[in-house]
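Beneath this line is the structure, given in structure tokens, with notes to follow.
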Amino acid sequence: MLISLRSLLGLALIASVLAGCAGGPGTSETQRPSQGPGASELLRQAQQQSGTQAAQSRLQAAAILSRQGNDEQALDVARDIDTSQLNRGALIDWALLVSELALRKEDGRGALAATRILDDVDDIPRDAQQTLRHRKGLALTLVGDSRAAAETLIALQRDDAPFDLSDDIWKPLSRLSERVLDDMDTSADPLTEGWVALARLYRQSGGNVSRLSESLQDWRARYADHPAARRLPSNLSALRELRGREVKRIAIFLPQSGPLANVAKALKTGIQARHMAALNQGEQTPQLTYYDSSENDLESLYAQATMDGAQVVLGPLDKDLVSQLEQRDEVALPTLALNYGEHPRNRADKLFQYGLSAEDEARQIAERAYMDGHRDAAALVPDNEWGARVLRAFREDWEAQQGELDAVVHYAPKGSVSDATKRLLDSGGDDIDMLFLLALPSYARQVPPMLKYYYAGDLPVYATSQVYGGRPQPRADHDLNGVMFVDIPWLIPDASVGGEEALPFYAAYRELDARDDPSLLKLNAMGVDAYELARRLPLMQALHSLEVFGATGTLQARDDGRIQRTLPWAQFQSGIPAPLLNTGSGLEIGNVQLEQ
């Protein structure tokens with residue numbers, strides 16, 4: 001019988017923790033937890049105990065706190081346990097507990113640290129081993145190691161684990177590039193071969209549901225005994241229900257004159273490049289019709305697009321126009337605006353919003369830094385409206401996670417970096433354990449040397465994409481070594497996907513690659529992704545979990561229709577962006593350390 005992860009966690013986890021601890025010294029009271037000491041009493045006992053007894057008492061307390069729904073305290077207690085004092089059974093129970101608590105918090109690195117006992121402990125009982133392997137696969141998905149996640153979960157399915165793994169496998173698998181899929185396919189393993197073939201046909205469908213349905217029929221005939229043939233991943237099942245709703249005509253509202261005309265031109269170049277690449281690859285593509293949004297009001301634009309048979313609108317670009325749309329109850333046609341409105345929430349039904357928002361990057365940095373174990377942040381941002389907006393996004397996400405923002409300096413972009421850095425360190429004192437940096441390269445390059453000058457050279461620095469000029473400059477960027485940042489895949493191909501040929505929409509990238517003007521390439525990439533999102537709008541309306549692995553990041557619609565971008569991480573090494581392998585701090589859980 002198939003068992004869901006949530007059910008297994010709810011039943012087996014606590015039972016195994018309590019049963020495992022019961023056999024150890026000083027733990028017989030937990031065999032009947034309803035009559036034994038509570039978590040507070042066990043923690044008091046642990047203060048008077050030492051070695052194995054103290055570790056066992058804390059483990060029992062953490063299990064009780066978890067059962068009571070107090071996950072934060074349970075995880076804090078579990079992380080403080082000296083796992084070297086636990087016997088083999090209790091160590092397995094500790095790993096089950098911590099991995100579950102970490103996954104509830106979507107802390108992939110914490111869950112991976114706990115599952116390392118798979119490599120360190122022999123003869124783990126089969127049910128616990130399979131549970132830990134499952135969680136390892138889920139954790140790898142969370143940290144973005146999609147290939148390792150897919151391979152881990154496929155191997156678990158091959159071993160007849162009692163889990164319904166279709167959706168868990170599909171999430172990382174559907175993110176993989178053609179090159180990685182080709183590499184996986186060399187295994188000649190029928191199970192892997194079937195999964196890879198399924199991922200390929202999904203990728204090649206280009207959002208065309210009719211084509212996808214036909215391909216799925218052929219796939220099921222070929223792989224009739226495959227687990228996914230018996231139960232397709234939920235996303236694919238939902239997409240099949242949308243057959244006949246393909247987007248065949250897109251109306252594009254872009255200004256041909258005015259202050260945004262050059263931006264619109266760069267976006268149009270990206271749209272056209274992706275459209276032609278899709279045509280050349282044999283995909284069924286929509287008809288594109290452009291409308292000048294600088295000459296007409298919104299009502300006239302929508303009326304003309306509707307008369308012309310458009311099913312979807314791409315645009316407008318102007319922030320004021322998007323703000324007008326998001327305050328309506330609905331829009332006349334499903335719309336993907338190319339900017340974000342100024343209101344806190346998008347109210348309009350059928351309106352989606354997409355742009356290259358630094359606020360998304362700030363929120364992603366806050367979540368990453370917190371997962372890396374930091375709690376006391378400092379921020380160095382420009383003294384302007386842009387800096388205020390991005391800082392607000394970082395602060396809201398950071399404080400929502402219970403982080404403290406101990407020091408903020410709003411610097412003058414042309415002012416003294418030394419003075420700004422000194423003020424920041426004086427304000428934060430010795431408590432700050434990470435720095436959020438929003439700065440252009442010319443300013444950012446001076447910050448790490450100033451931190452070293454003021455004896456804070458080991459302070460981890462997390463930066464937005466603006467820190468990188470968009471092309472490798474080893475000499476100029478040498479002082480940024482160690483700085484961690486996010487950026488779009490198209491600008492950091494080696495760090496994000498392991499090379500240019502693995503980039504999403506590689507054919508369009510090859511046509512558009514403009515190393516002399518990275519800012520233009522970023523707008524081109526936005527146009528490429530806007531085209532892909534627009535032809536998938538009906539799918540996104542029906543399936544909010546749908547992700548697009550795009551040129552500007554992994555894209556997914558939030559509940560209010562705003563597209564959230566998740567960008568890959570990089571770190572300056574020898575002055576060039578490299579894969580983020582180590583944050584310099586590591587995450588310790590008990591005596592198990594996970595290097596980031």
Side-chain angles (χ1 to χ4, degrees), residues 2-24 27 30-31 33 36 39 42 52 55-143 149 152-153 155-156 159 161-165 168 587-594:
L2 295 178
I3 306 172
S4 71
L5 173 62
R6 185 177 299 275
S7 299
L8 182 67
L9 301 181
L11 299 173
L13 170 63
I14 295 170
S16 66
V17 169
L18 296 177
C21 294
T27 62
T30 65
Q31 291 178 359
L42 285 165
T52 299
Q56 294 277 18
S57 294
R58 290 190 175 97
L59 181 56
Q60 293 173 63
I64 292 171
L65 289 167
S66 175
R67 185 172 70 245
Q68 293 171 343
N70 194 342
D71 289 357
E72 286 286 347
Q73 188 180 358
L75 192 54
D76 287 342
V77 170
R79 282 175 168 166
D80 286 339
I81 293 171
D82 181 0
T83 54
S84 67
Q85 298 295 325
L86 295 175
N87 61 34
R88 175 179 162 281
L91 182 61
I92 294 169
D93 295 335
W94 171 88
L96 288 165
L97 178 63
V98 172
S99 60
E100 158 60 357
L101 292 170
L103 285 177
R104 287 183 192 169
K105 289 168 57 65
E106 296 190 344
D107 176 8
R109 286 176 290 281
L112 284 176
T115 61
R116 280 193 172 175
I117 71 162
L118 288 166
D119 300 321
D120 300 334
V121 177
D122 296 327
D123 299 324
I124 297 176
R126 179 177 172 82
D127 57 346
Q129 182 192 72
Q130 291 187 326
T131 298
L132 289 170
R133 288 170 65 192
H134 188 192
R135 294 178 189 170
K136 180 180 179 179
L138 298 176
L140 287 166
T141 300
L142 284 174
V143 302
T152 297
L153 294 167
L156 187 61
D159 290 344
F163 309 113
D164 185 350
L165 294 168
D168 296 333
L587 175 64
E588 287 194 24
I589 301 180
N591 67 339
V592 178
Q593 181 168 358
L594 172 66

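For Asp123 and Arg88, the salt-bridge test fails: no basic side-chain N is under 4.0 Å from an acidic carboxylate O.
Within the 4.5 Å cutoff, the side chain of Thr52 has no heavy atoms near those of the Asn87 side chain. Contact of the Gln129 side chain with the Ile92 side chain is not registered, since no non-hydrogen atoms from C-beta on lie closer than 4.5 Å. Taking the side chain as every heavy atom from C-beta outward, Lys105 and Asp71 never approach each other to under 4.5 Å. Arg58 places none of its side-chain heavy atoms less than 4.5 Å from the side chain of Asp82.
Listed for the Arg135 side chain is a donor-acceptor partner under 3.5 Å among the backbone atoms of Leu96.
A distance of 5.0 Å separates CD1 of Ile64 from CG of Leu42, quoted to the nearest 0.5 Å. Put simply, OG1 on Thr141 and CG on Leu153 are 6.0 Å apart, with the number rounded to the nearest 0.5 Å. With rounding to the nearest 0.5 angstrom, the CH2 atom of Trp94 is 8.0 Å from the CD1 atom of Ile81. In this structure, Arg126 CZ and Thr131 OG1 are separated by 11.0 Å, a value rounded to the nearest 0.5 Å. In this structure, Ile117 CD1 and Asp120 CG are separated by 8.0 Å, a value rounded to the nearest 0.5 Å.
Pairing each heavy atom of Asp159 with each of Gln130, the nearest pair is O-NE2, 3.5 Å. Scanning all heavy atoms of the two residues, the minimum distance from Leu86 to Gln56 falls at CD2-N, 4.2 Å. Scanning both residues, Leu101 and Ser66, for their nearest heavy atoms gives CD2-OG, 3.7 Å. For Leu140 against Thr152, the heavy-atom pair with the smallest separation is CD1-OG1, 3.6 Å. Nearest heavy-atom pair across Ala114 and Ala95 is O-CB, 3.4 Å. Here the closest non-hydrogen pair linking Leu97 and Ala78 is CD2-CB, 4.5 Å.
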Practice problem: May I have the step-by-step check of side chain to side chain contact (heavy atoms under 4.5 Å, CB included) for Leu165 and His134, ending in yes or no? | Solution: CA-CA 9 Å; Leu165 294 168; His134 188 192; 3.6 Å; yes
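Annotation: side chain to side chain donor-acceptor pair (under 3.5 Å) contacts of Asp76 (sequence neighbours excluded): none.
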